[in-house]
Amino acid sequence: MPAKKVLITGITGQDGSYLADYLLSLGYEVHGVVRRVALEDQRHRMWRINHIADKIKFHSGSLESYPSIFKIIEKVQPEECYHLAAQSFVTYSFEDEFSTLNANINGTHYVLSALQSVAPGCRFYFAASSEMFGRAEEVPQRETTKFHPRSVYGISKVAGFDLTRNYREAYDMYAVSGILFNHESPRRGYEFVTRKITSTAAAIKLGKAGKLYLGNLDAKRDWGHAGEYVKAMHSMLQQDVPEDYVIGTGETHSVREFADLAFKCLDMDYERYVEIDQNFFRPAEVDLLVADPSKAKKELSWEYNISFEDLVTEMVKSDYDHLSKA
Ligand code: NAP
Ligand code: F7E
């Protein structure tokens with residue numbers, strides 16, 4: 001039997017890289033949408049997937065261009081499509097609302113519309129987010145919790161979620177959203193708080209940095225490991241009936257706890273090095289997000305077994321090892 005064809009947008013990102021690793025290990029023929037600049041500077045722009053680049057078929061395209069997305073889908077004829085590409089940094093969505101809305105809403109619409117036109121049987125996954133819950137009215141948050149986004153990023157994800165639901169209902173497409181809570185790893189972008197903490201703590205330990213400037217230390221998140229979350233994405237596209245699922249650990253920790261543990265891994269006291277910088281506070285904050293992943297556990301048999309301590313330790317160790325060689 002020929003290998004199943006999958007198309008991943010955002011394959012150069014954290015989740016795209018783990019998903020590509022996973023789907024290759026399952027025998028898929030993996031196609032990835034990348035921006036043209038990534039093909040020009042593969043070493044830097046594809047650092048997360050350089051180890052598997054020779055096994056992936058790349059297609060140059062952009063979320064800003066419907067024709068580019070349409071042509072790729074028409075040519076590849078994927079059986080599964082994971083739409084992960086997005087402007088994913090919440091802070092930036094306050095700085096440039098317009099590009100965040102354009103890329104995240106139109107980009108999702110382009111992929112859905114192209115699939116409906118030329119590959120309607122393809123199963124579609126949309127990367128929705130716990131940021132859609134925002135100022136949540138119940139704790140923990142589940143599939144039925146009302147959305148109250150607190151950023152343009154969150155708003156763009158609610159729109160993507162509704163577009164996905166509407167293509168499912170209106171055109172009978174297998175189109176689902178995974179509502180994923182924060183997930184991290186040594187491949188996390190450096191601007192997100194976890195990687196900022198682990199990379200700077202490692203740099204301080206090695207004498208390459210002096211201080212770590214952070215914003216709201218009391219914000220709480222449900223942090224899991226990206227490598228485990230991509231397995232849930234895949235599972236969502238293998239069901240008899242297309243449905244949306246919440247994915248998270250069900251545990252919550254503050255930024256302060258994360259920093260405390262990361263510095264402790266390197267035998268340091270975070271209070272000596274962390275300084276508060278008002279510039280890193282957001283105009284509107286999401287104070288407490290915690291998942292109820294019981295539907296995914298029951299229906300997808302998705303289990304999560306990595307402790308918060310192990311996640312932080314893996315990230316710190318990876319940054320320390322990497323920086324020691326630099
Ligand atoms: P990420 O590391 O920031 O990766 C984003 C990807 O999108 C990159 O491959 C990036 O390409 C691509 N991209 C951005 N703008 C694009 C454009 N205009 N045209 C084409 N490609 C574009 O994000 P991630 O952490 O892997 O997250 C994956 C998805 O899940 C995102 O949609 C994110 O919003 C969502 N999500 C993430 C989390 C989380 O905690 N990680 C939680 C819930 C939902 P370049 O490399 O070229 O920039
Ligand atoms: O912030 C606080 C900040 O930028 C986490 C994305 O993957 O997950 C991610 O969004 C918390 C916030 O992630 C700094 O105020 C304090 O409360 O790491 P973050 P995020 O905003 O939760 C969701 C689920 C997604 O969907 C997104 O794509 O940490 N915080 N001090 C800080 N945050 C940053 N970035 N930098 C600081 O200095």
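Worth knowing before you read on, the calculation uses all heavy atoms, side chains too, and leaves out hydrogens, waters and symmetry mates. Atoms within each ligand, like the ligands themselves, are counted from 1 in listed order.
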Asker: Suppose we measure from atom 6 (C) of ligand 1 to each protein heavy atom; which comes out shortest, and what is that distance?
Answerer: G10 CA, 3.7 Å
Asker: Should G215 be counted as touching ligand 2, given the test is an N or O pair under 3.5 Å?
Answerer: yes
Asker: Can you tell me the protein heavy atom closest to atom 36 (N) of ligand 1 and the distance?
Answerer: Y153 OH, 3.8 Å
Asker: Mind checking whether T91 has an N or O less than 3.5 Å away from an N or O of ligand 2?
Answerer: no
Asker: Would you confirm whether the ring centroid of Y229 sits within less than 6.0 angstrom of the ring centroid of W302?
Answerer: yes
Asker: Can you tell me the protein heavy atom closest to atom 12 (C) of ligand 2 and the distance?
Answerer: R221 NH2, 3.3 Å
Asker: Identify the closest protein heavy atom to atom 2 (O) of ligand 1: which residue and atom is it, and at what distance?
Answerer: Q14 N, 3.0 Å
Asker: How far is atom 34 (C) of ligand 2 from its nearest protein heavy atom, and which residue and atom name does that atom have?
Answerer: V193 CB, 3.7 Å
Asker: Would you say F89 contacts ligand 2, with heavy atoms under 4.0 Å as the rule?
Answerer: yes
Asker: Tell me: protein heavy atom nearest atom 35 (N) of ligand 2, and distance?
Answerer: E191 O, 3.0 Å
Asker: With heavy atoms of N216 as the reference, note each atom of ligand 2 found under 4.0 Å away.
Answerer: 16 (C), 31 (N)
Asker: Is there a heavy atom in Q14 that sits closer than 4.0 Å to ligand 2?
Answerer: no
Asker: Looking at F161 versus F147, is the centre-to-centre ring distance below 6.0 Å?
Answerer: yes
Asker: Are R187 and S17 linked by a side-chain donor-acceptor pair shorter than 3.5 Å?
Answerer: yes
Asker: Which atoms of ligand 2 have any heavy atom of S129 under 4.0 Å away?
Answerer: 23 (C), 24 (C), 25 (C), 26 (O)
Asker: Just go through V90, I11, L63, L84 and tell me whose heavy atom is the nearest to atom 19 (N) of ligand 1.
Answerer: L63
Asker: Is there a polar contact between ligand 2 and T194, counting only N or O atoms under 3.5 Å apart?
Answerer: no
Asker: Do me a favour and list the nearest non-hydrogen protein atom to atom 30 (O) of ligand 1 with residue, atom name and distance?
Answerer: A127 CB, 3.4 Å
Asker: Using distance alone, decide if ligand 1 has a nitrogen or oxygen within less than 3.5 Å of any nitrogen or oxygen in S130.
Answerer: no
Asker: Go through ligand 2 atom by atom and flag the ones less than 4.0 Å from a non-hydrogen atom of Y153.
Answerer: 25 (C), 26 (O), 27 (C), 28 (O)
Asker: Short list, please: which atoms of ligand 1 are under 4.0 Å from a heavy atom of S129?
Answerer: 43 (C), 44 (C)
Asker: Within ligand 2, which atoms have a heavy atom of F280 less than 4.0 Å away?
Answerer: 38 (O)
Asker: Once you restrict to heavy atoms under 4.0 Å, what part of R188 touches ligand 1? Side chain, backbone, both or neither.
Answerer: side chain
Asker: What do you reckon, is CG of N50 surrounded by more than 12 foreign heavy atoms closer than 6.0 Å?
Answerer: yes
Asker: Specify side chain, backbone, both or neither for L214, according to which of its non-hydrogen atoms lie closer than 4.0 Å to ligand 2.
Answerer: both
Asker: If I apply the N/O under 3.5 Å rule, does S88 come out as touching ligand 2?
Answerer: yes
Asker: Between E64 and R36, does any NZ, NE, NH1 or NH2 come within less than 4.0 Å of an OD or OE carboxylate oxygen?
Answerer: no
Asker: Given N182, T200, N279, identify the one with the heavy atom nearest to atom 9 (C) of ligand 2.
Answerer: N182
Asker: Among all the protein's non-hydrogen atoms, which is closest to atom 10 (O) of ligand 2, and how far away is it?
Answerer: V90 CG2, 3.6 Å
Asker: Quick check on contacts: which atoms of ligand 1 are under 4.0 angstrom from a heavy atom of N182?
Answerer: 40 (O)
Asker: How far is atom 43 (C) of ligand 1 from its nearest protein heavy atom, and which residue and atom is that?
Answerer: L180 O, 3.1 Å
Asker: I need the minimum non-hydrogen distance between L84 and A127, along with the two atoms involved.
Answerer: CD2-CB, 4.0 Å
Asker: Given D277, V286, V255, which has its nearest heavy atom closest to atom 2 (C) of ligand 2?
Answerer: V255
Asker: Please state which option from S88, A86, G13 has its nearest heavy atom closest to atom 23 (O) of ligand 1.
Answerer: S88
Asker: Applying a 4.0 Å heavy-atom criterion (strictly less than), which segment of R35 is in contact with ligand 1: side chain, backbone, both, or neither?
Answerer: side chain
Asker: For the rings on H225 and H183, is their centre-to-centre separation under 6.0 Å?
Answerer: no
Asker: Return yes when atom CG of D54 has more than 12 non-hydrogen atoms of other residues, nucleotides or ligands closer than 6.0 Å, and no otherwise.
Answerer: yes
Asker: Run the numbers for me: atoms of ligand 2, each under 4.0 Å from some heavy atom of E285, listed by number.
Answerer: 3 (C), 12 (C), 15 (O), 17 (O)
Asker: Checking a contact table here: which protein heavy atom is nearest atom 37 (C) of ligand 2, and how many Å away?
Answerer: K196 NZ, 3.7 Å
Asker: Looking only at heavy atoms, what is the nearest atom pair of M315 and S185, with distance?
Answerer: CE-O, 3.4 Å
Asker: Please report which non-hydrogen protein atom sits nearest to atom 9 (O) of ligand 1, along with the residue it belongs to and the distance in Å to one decimal place.
Answerer: T12 OG1, 2.6 Å
Asker: What protein heavy atom sits nearest atom 40 (O) of ligand 1, and how far off is it?
Answerer: H183 N, 2.9 Å
Asker: Could you tell me whether R221 and E285 make a salt bridge, using a distance below 4.0 angstrom between a side-chain N and a carboxylate O?
Answerer: yes
Asker: Can you label the angle between the F181 ring and the F133 ring as parallel, tilted or perpendicular, going by 30° and 60°?
Answerer: tilted
Asker: Heavy-atom contacts with A219 under 4.0 Å: which atoms of ligand 2 show up? List them by number with element.
Answerer: 17 (O)
Asker: Under 4.0 Å, heavy atoms only, figure out whether ligand 1 is touched by the backbone of F89, its side chain, both or neither.
Answerer: neither
Asker: Starting from atom 21 (O) of ligand 2, what is the nearest protein heavy atom, named by residue and atom, and what distance separates them?
Answerer: R282 NH1, 2.6 Å
Asker: Is the shortest side-chain heavy-atom distance between M233 and L180 below 4.5 Å?
Answerer: yes
Asker: I need the minimum non-hydrogen distance between I197 and A259, along with the two atoms involved.
Answerer: CG2-CA, 3.9 Å
Asker: How about D319 and T198: does a side-chain donor come under 3.5 Å of a side-chain acceptor?
Answerer: yes
Asker: Are any of the N or O atoms of S130 closer than 3.5 Å to those of ligand 2?
Answerer: no
Asker: Please work out whether any backbone atom (N, CA, C, O) or any side-chain heavy atom from C-beta onward of R188 is under 4.0 Å from ligand 2, and answer side chain, backbone, both or neither.
Answerer: side chain
Asker: Between D310 and T313, do the side chains contain an N or O donor and an N or O acceptor separated by less than 3.5 Å?
Answerer: no
Asker: Side chain, backbone, both or neither: which applies to A128 and ligand 1 if a contact is any heavy-atom pair less than 4.0 Å apart?
Answerer: backbone
Asker: So F126 and F124, would you call those rings parallel, tilted or perpendicular, with 30° and 60° as cut-offs?
Answerer: parallel
Asker: Ring centres of H234 and Y28 under 6.0 Å apart?
Answerer: yes
Asker: Would you mind checking which non-hydrogen protein atom is closest to atom 18 (N) of ligand 1, with the distance to 0.1 Å?
Answerer: E64 OE2, 2.9 Å
